[in-house]
Engineer: 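Handing you this structure, nothing more for now.
Basis for what follows: all heavy atoms, side chains included, without hydrogens, waters or symmetry-related copies. Order of the sequence lines sets the chain letters (A, B, ...), proteins ahead of strands, with each chain counted from 1.
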2 protein chains.
Amino acid sequence: MDRNGGRSPSGSPELRTTLLAAGHRCTPQREAVHEVLCEMRNHPTAEEIFRAVRSRMPAISLATVYNALESFESAGVCLKLTQGDGAARYDSRTDDHHHVQCVDCNRMFDVAGPPLAQWLASIDPRGEFELLGGRLVLEGRCPNCRRNA
Amino acid sequence: MDRNGGRSPSGSPELRTTLLAAGHRCTPQREAVHEVLCEMRNHPTAEEIFRAVRSRMPAISLATVYNALESFESAGVCLKLTQGDGAARYDSRTDDHHHVQCVDCNRMFDVAGPPLAQWLASIDPRGEFELLGGRLVLEGRCPNCRRNA
DNA sequence: TTAGATGCAAACTATTTGCGCAATT
DNA sequence: AATTGCGCAAATAGTTTGCATCTAA
């Protein structure tokens with residue numbers, strides 16, 4: 001079983017190992033970004049991560065945060081979630097799960113359901129495409145906003 | 001059966017009726033955008049639609065195209081497809097179907113498979129969220145790019 | 001040692017907005 | 001007649017890039 005919610009432990013030597021294996025470097029900035037990302041479980045935007053990490057590393061730049069997140073994504077350390085409107089969101093959970101973005105408050109939530117991998121098998125039955133992945137990001141209304149609607 | 005591929009007929013009074021019902025106006029510009037969108041079956045971006053519609057209506061502006069597409073989407077006349085990188089793409093097919101965006105050529109393709117509606121039933125089994133919709137946009141490699149890879 | 005990362009600022013892309021005029025209902 | 005949309009240009013948001021310097025491997 002997954003005793004860690006799909007998250008790689010923060011501040012661990014694992015980040016370094018994984019980044020190196022993917023051909024990236026592990027810098028203090030990246031460690032800081034990773035720690036912050038693992039602490040924030042609300043699917044933060046790059047900007048939000050930037051603000052949070054700047055409080056412990058004031059000299060870091062937004063470009064470096066984007067750079068770090070890109071290296072994480074390419075190393076499989078985090079997920080980049082995109083929904084039409086606004087900014088991309090990042091998730092340190094890398095296991096197969098789904099998301100709902102609330103149409104009212106715009107926040108993004110994890111949602112339970114069968115993994116996408118299970119569905120992918122029934123997509124493109126003729127095998128025309130080499131399917132590499134994809135995330136299911138749904139629209140909906142979160143419990144809180146439903147109450148206030 | 002769906003003899004029209006999920007597309008509303010172009011240049012028809014249906015567009016007018018549907019827009020009016022949704023509280024929008026039907027202008028010559030919107031009719032032109034709709035016609036072009038129905039002819040382009042390659043999931044064009046707003047920019048591409050703009051260029052195509054400008055050839056028959058040179059004075060139209062990009063902002064008007066965005067405006068038209070937004071009114072179409074809100075009236076259920078077209079779908080707005082978003083994938084993390086780059087521009088949103090528009091589809092005059094509004095029936096439940098899926099898309100793959102090629103990681104090499106960036107074009108977007110229709111792909112066969114069970115409708116999302118069928119899957120939605122198994123998402124969020126506790127009914128915490130009021131699920132309103134969502135589109136499945138997958139990443140993959142298209143037949144043409146596979147051949148040249 | 002050296003390829004890759006950093007910080008800064010500027011560039012870029014996609015999209016939205018304010019405004020005065022025109023066209024639709 | 002009144003409201004909404006149009007075209008234009010400027011503004012915005014999010015993200016990327018160029019460049020000189022620095023640093024992890």
Engineer: OG/S71(B) to CZ/R25(B) distance, rounded to the nearest 0.5 angstrom?
Structural biologist: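 Separation between the atoms: 12.5 Å.
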Engineer: Mind checking side chain to side chain donor-acceptor pair (under 3.5 Å) for T45(A) and listing every partner two or more places apart, or none if nothing turns up?
Structural biologist: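 For T45(A), no residue satisfies side chain to side chain donor-acceptor pair (under 3.5 Å) once neighbours in sequence are set aside.
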Engineer: Starting at atom CG of L81(B), determine the distance to atom C1' of dA14(C), rounded to an integer number of angstrom.
Structural biologist: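 That distance rounds to 16 Å.
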Engineer: Atom CE of M57(A) and atom P of dC8(C): how far apart are they, to the nearest Å?
Structural biologist: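 That distance rounds to 13 Å.
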Engineer: Kindly state each residue pair satisfying ring pair (Phe, Tyr, Trp, His ring centres under 6.0 Å) with at least one member in residues 69-89 of chain A, sequence neighbours excluded.
Structural biologist: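 Qualifying pairs: H34(A)-F72(A).
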Engineer: Could you tell me which non-hydrogen atom of T82(B) sits nearest to which non-hydrogen atom of A88(B), and how far apart they are?
Structural biologist: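 For T82(B) and A88(B), the tightest heavy-atom pair comes out as CG2-CB, 3.9 Å.
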Engineer: Check whether any side-chain nitrogen or oxygen of T64(A) sits under 4.0 Å from OP1 or OP2 of dG7(C), and answer yes or no.
Structural biologist: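 Checking T64(A) against dG7(C): at least one side-chain N or O falls below 4.0 Å of OP1 or OP2.
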Engineer: Write down the distance between CD (Q29(B)) and P (dC8(D)), rounded to a whole number of angstrom.
Structural biologist: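 My rounded result for the distance is 11 Å.
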Engineer: Starting at atom CD of E48(B), determine the distance to atom P of dT13(C), rounded to an integer number of angstrom.
Structural biologist: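 In whole Å, dT13(C) P lies 15 Å from E48(B) CD.
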Engineer: Output every pair passing side-chain hydrogen bond (donor to acceptor under 3.5 Å, both in side chains) with a member in residues 47-62 of chain A, not counting sequence neighbours, ordered by first then second residue.
Structural biologist: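 For residues 47-62 of chain A: E35(A)-R56(A), E39(A)-R56(A), S61(A)-T64(A).
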Engineer: Ignoring backbone atoms, establish whether R30(A) has a side-chain N or O less than 4.0 Å from OP1 or OP2 of dT6(C).
Structural biologist: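 Yes, R30(A) has a side-chain N/O under 4.0 Å of OP1/OP2 on dT6(C).
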Engineer: Treating primed atoms plus P, OP1 and OP2 as sugar-phosphate and everything else as base, which nucleotides of nucleotides 15-25 of chain C get B, S or - for protein heavy atoms under 4.0 Å?
Structural biologist: BBB-----BBS
Engineer: As an exercise, state the distance from CG of L138(B) to CD1 of I123(A), rounded to the nearest 0.5 Å.
Structural biologist: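 Between atom CG of L138(B) and atom CD1 of I123(A) there are 6.0 Å.
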Engineer: At what angle, to 10 degrees, do the two end axes of the helix from dT1(C)-dA25(D) to dT25(C)-dA1(D) meet, given five pairs define each axis?
Structural biologist: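 That helix gives 50° between its end axes.
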Engineer: In whole Å, what is the span from the CD1 atom of I60(A) to the P atom of dG7(C)?
Structural biologist: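 To the nearest whole Å, that distance equals 6 Å.
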Engineer: What pairs of residues pass the ring pair (Phe, Tyr, Trp, His ring centres under 6.0 Å) test when at least one of them lies in residues 117-149 of chain A, not counting sequence neighbours?
Structural biologist: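 Applying ring pair (Phe, Tyr, Trp, His ring centres under 6.0 Å) to every pair that reaches into residues 117-149 of chain A, excluding sequence neighbours, yields H98(A)-W119(A), W119(A)-W119(B), F129(A)-F109(B).
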Engineer: Find the distance L69(A):CG to dT16(D):C1' and express it as a whole number of Å.
Structural biologist: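 Answer to the nearest Å: 14 Å.
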Engineer: Strictly distance-based, threshold 3.5 Å: is any side-chain N or O of E130(A) a donor or acceptor partner for the main-chain N or O of G140(B)?
Structural biologist: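 Not a single qualifying donor-acceptor pair exists.
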Engineer: Atom CG of L19(B) and atom P of dT3(D): how far apart are they, to the nearest Å?
Structural biologist: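 Going from CG in L19(B) over to P in dT3(D) covers 21 Å.
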Engineer: Which heavy atom of R89(B) sits nearest a heavy atom of N42(B), and at what distance?
Structural biologist: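 Closest approach of R89(B) to N42(B), heavy atoms only: NH1-O, 4.3 Å.
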